[in-house]
Amino acid sequence: VVLTEGKPQKQICQVVLDHFEKQYTKELGEAWSTVREVLTSPLCWQYAVLLNKFSYSSELENNLHLKGYLSLFQETLPYLPGSLKCYISRTPGRFPAQKHQIGKLKEYYLLNAASLLSVLALEIKDGERVLDMCAAPGGKSIAMLQCAWPGHLHCNEYDSLRSKWLKQTLESFIPEPLMNLITLSELDGRQIGDLHPELYDKVLLDAPCSNDRSWLFSSDIQQATLRLIQRKELSSLQVQLLRSAIKALCPGGSVIYSTCTLSKAENSDVISHILSSCSNILPVDISELASVVSDEFSLVAGVQPHELLVLPAKGKAWGPMYVAKLKKT
């Protein structure tokens with residue numbers, strides 16, 4: 001472990017890096033070397049500060065301005081509720097996390113700014129029934145609740161440890177009366193479509209994936225090696241989850257599929273598979289959102305209109321984040 005400024009610096013897991021090197025050089029070409037540089041240098045990572053409208057503090061907002069933080073979305077987006085406020089700094093580093101205080105809601109949530117793109121693409125409106133299928137740790141659910149008041153929000157997390165974490169997170173950001181609109185469950189996402197067919201207006205499937213950023217710093221080589229072997233099976237799980245999400249959608253409803261990996265097999269291949277095998281599913285064009293946010297995020301060129309892929313870059317160290325939008329007819 002290397003010490004920098006008194007803090008232990010993360011060590012790169014070589015077996016994962018070698019695996020990514022081979023795959024992403026092939027899939028991303030030239031772009032991979034820049035991405036690799038950012039992903040392997042935690043000191044240049046950035047964190048966004050998502051304000052909690054249920055515990056607003058003008059002092060916090062002033063403090064962010066003084067520290068040189070800027071409002072993330074200054075452009076006119078296809079969908080951008082005024083109640084969604086997020087700040088970013090051009091320089092790397094992390095705003096201090098907020099400790100939990102009993103009886104007091106937290107004022108902000110730290111996150112990778114790219115994860116807000118899946119929420120913005122979903123375009124939630126007041127009164128809609130929404131399912132967050134793999135919801136832990138809860139950042140996207142919190143962001144959705146900044147945007148609108150769903151008629152019902154179902155937050156599901158299969159893993160019981162992560163589910164506890166999700167519940168704690170929601171309770172520390174969301175006022176109690178609003179918690180009544182939220183259902184928490186620990187279901188296998190693959191079964192939700194059969195359990196709740198055609199129930200939801202909007203579904204967010206932030207799928208379990210090869211988490212490129214954290215896998216690169218696996219401290220357990222055996223676990224990392226096992227993950228890389230099992231990685232091939234992830235795409236079939238993702239397809240099953242997406243089929244279930246589609247079953248759970250009412251006709252006319254839309255689903256966002258997102259991951260935090262660069263892997264084509266887990267991203268566009270999953271979507272292509274669904275589009276070619278489901279006759280009631282259409283791609284939804286999100287290229288306007290992509291072009292508007294392209295100043296703030298480094299996006300892969302040449303993708304389909306229904307998808308976007310954020311590549312971590314210097315000074316824009318957001319992502320990896322893949323987002324695709326589909327609609328049920």
Is R231 salt-bridged to E266, cutoff N-O under 4.0 Å?
yes
Between K316 (side chain only) and D295 (backbone N and O only), is there a donor and an acceptor less than 3.5 Å apart?
yes
Check whether any side-chain N or O of N156 sits under 3.5 Å from a backbone N or O of M133 as a donor-acceptor pair, and report yes or no.
yes
Looking at every non-hydrogen atom in both residues, tell me the closest pair between V310 and L308 and how far apart they are.
CG2-CD1, 4.0 Å
For the OH atom on Y87, are there more than 12 heavy atoms of other groups (residues, nucleotides or ligands in this structure) within a distance under 6.0 Å?
yes
Side-chain (R36) to main-chain (E21) donor-acceptor, under 3.5 angstrom
no
Between CG on residue L122 and CG on residue L205, distance to nearest 0.5 Å:
11.0 Å
Determine the minimum heavy-atom distance between A265 and V270, stating which atoms define it.
O-CG2, 3.4 Å
If I compare all heavy atoms of A136 with all of R162, which pair ends up nearest, and what's the gap?
O-NH2, 2.9 Å
Does K125 NZ have over 12 foreign heavy atoms under 6.0 Å away?
yes
Are L72 and Y108 connected in a single hydrophobic cluster, I mean Ile/Leu/Val/Met/Phe/Trp/Tyr linked by side-chain heavy atoms less than 4.5 Å apart?
no
Is the backbone of G319 close enough, under 3.5 Å, to the side chain of R213 for a donor and an acceptor to pair up by distance?
yes
Let me know which of H196, H154, E157 forms a side-chain contact (heavy atoms from CB on, under 4.5 Å) with S185.
H154
Establish, yes or no, whether a centroid distance under 6.0 Å links the rings of Y200 and H152.
no
With a 4.0 Å cut-off on N to O distance, would you call R90 and E296 a salt bridge?
yes
Show, in sequence, the C-alpha distance, side-chain angles and deciding distance for E59 and N63, and conclude whether the side-chain hydrogen bond (donor to acceptor under 3.5 Å, both in side chains) test is met.
CA-CA 6 Å; E59 193 186 337; N63 191 9; over 6 Å; no
Transitive ILVMFWY side-chain link Y109 to L153, under 4.5 Å
yes
side-chain contact (heavy atoms from CB on, under 4.5 Å) between V323 and I256, worked out:
CA-CA 7 Å; V323 178; I256 291 292; 3.9 Å; yes
How long is the span from the OG1 atom in T40 to the CZ atom in F217, to the nearest 0.5 Å?
6.5 Å
Quick one: do E128 and K202 make a salt bridge, cutoff under 4.0 Å?
yes
Report whether I124 and Y257 are members of the same hydrophobic cluster (ILVMFWY, side-chain heavy atoms less than 4.5 Å apart, transitive linking).
no
Please answer: with hydrophobic residues joined when any side-chain heavy atoms are less than 4.5 Å apart, are L77 and L204 in the same cluster?
yes
Assess the residue pair T261 and W215 against the criterion (side-chain contact (heavy atoms from CB on, under 4.5 Å)); give the C-alpha distance rounded to whole Å, side-chain angles, the decisive distance to 0.1 Å, and a yes or no.
CA-CA 10 Å; T261 179; W215 282 23; over 6 Å; no
Can you tell me if K328 uses its side chain to pair, donor with acceptor, with the backbone of I246 under 3.5 Å?
yes
For S263, does its backbone N or O pair with a side-chain atom of E27 as donor and acceptor, under 3.5 Å?
no
S118 and K140 have their tightest heavy-atom pair at OG-CE, 3.3 Å
Same cluster for W32 and L309 if Ile/Leu/Val/Met/Phe/Trp/Tyr side chains link at under 4.5 Å?
yes
Start with the C-alpha distance between D206 and S258, add both sets of side-chain angles, then the distance that settles side-chain hydrogen bond (donor to acceptor under 3.5 Å, both in side chains), and finish with yes or no.
CA-CA 5 Å; D206 188 38; S258 61; 2.7 Å; yes
K53 atom NZ, neighbour heavy-atom count above 12 within 6.0 Å
yes
Is S244 reaching over with its side chain to a backbone N or O of G193, donor-acceptor style, under 3.5 angstrom?
yes
Verdict with supporting geometry, C44 and K314, side-chain contact (heavy atoms from CB on, under 4.5 Å):
CA-CA 7 Å; C44 72; K314 281 183 200 154; 5.5 Å; no
Provide the closest heavy-atom pair for V15 versus L228 in the form atom of the first, atom of the second, distance.
O-CD1, 3.7 Å
S235 OG to D269 CG distance, which is reported to the nearest 0.5 Å
7.5 Å
Could you check whether any side-chain heavy atom of L51 comes within less than 4.5 Å of a side-chain heavy atom of L64, counting everything from C-beta outward?
yes
Side chains of P208 and L241 in contact at under 4.5 Å (non-hydrogen atoms)
yes
Side chain of W45, backbone of V38: donor and acceptor closer than 3.5 Å?
yes
When you measure from the side chain of Q223 to the backbone N and O of S218, does any donor-acceptor pair fall under 3.5 Å?
no
Reported OG-to-NZ distance for the pair S172 and K104, which is rounded to 0.5 angstrom:
12.0 Å
Are there over 12 heavy-atom neighbours, none belonging to I221, within less than 6.0 Å of that residue's CD1?
no
Is there a donor-acceptor contact under 3.5 Å from the side chain of D126 to the main chain of W149?
yes
Quick one: pull up CG in N267 and CD in Q238 and give me the separation to the nearest 0.5 Å.
7.5 Å
Kindly determine whether Q14 and D18 satisfy side-chain contact (heavy atoms from CB on, under 4.5 Å), including the steps that lead there.
CA-CA 6 Å; Q14 198 60 44; D18 293 346; 2.9 Å; yes
Distance flag, aromatic centroids of F95 and Y69, threshold under 6.0 Å
yes
Which atoms form the tightest heavy-atom contact between V255 and L242, and what is the distance?
CG2-CD1, 4.1 Å
Rounded to the nearest 0.5 Å, what separation is found between the CD1 atom of I142 and the CZ atom of F54?
10.0 Å
What do you reckon, is CD of Q74 surrounded by more than 12 foreign heavy atoms closer than 6.0 Å?
yes
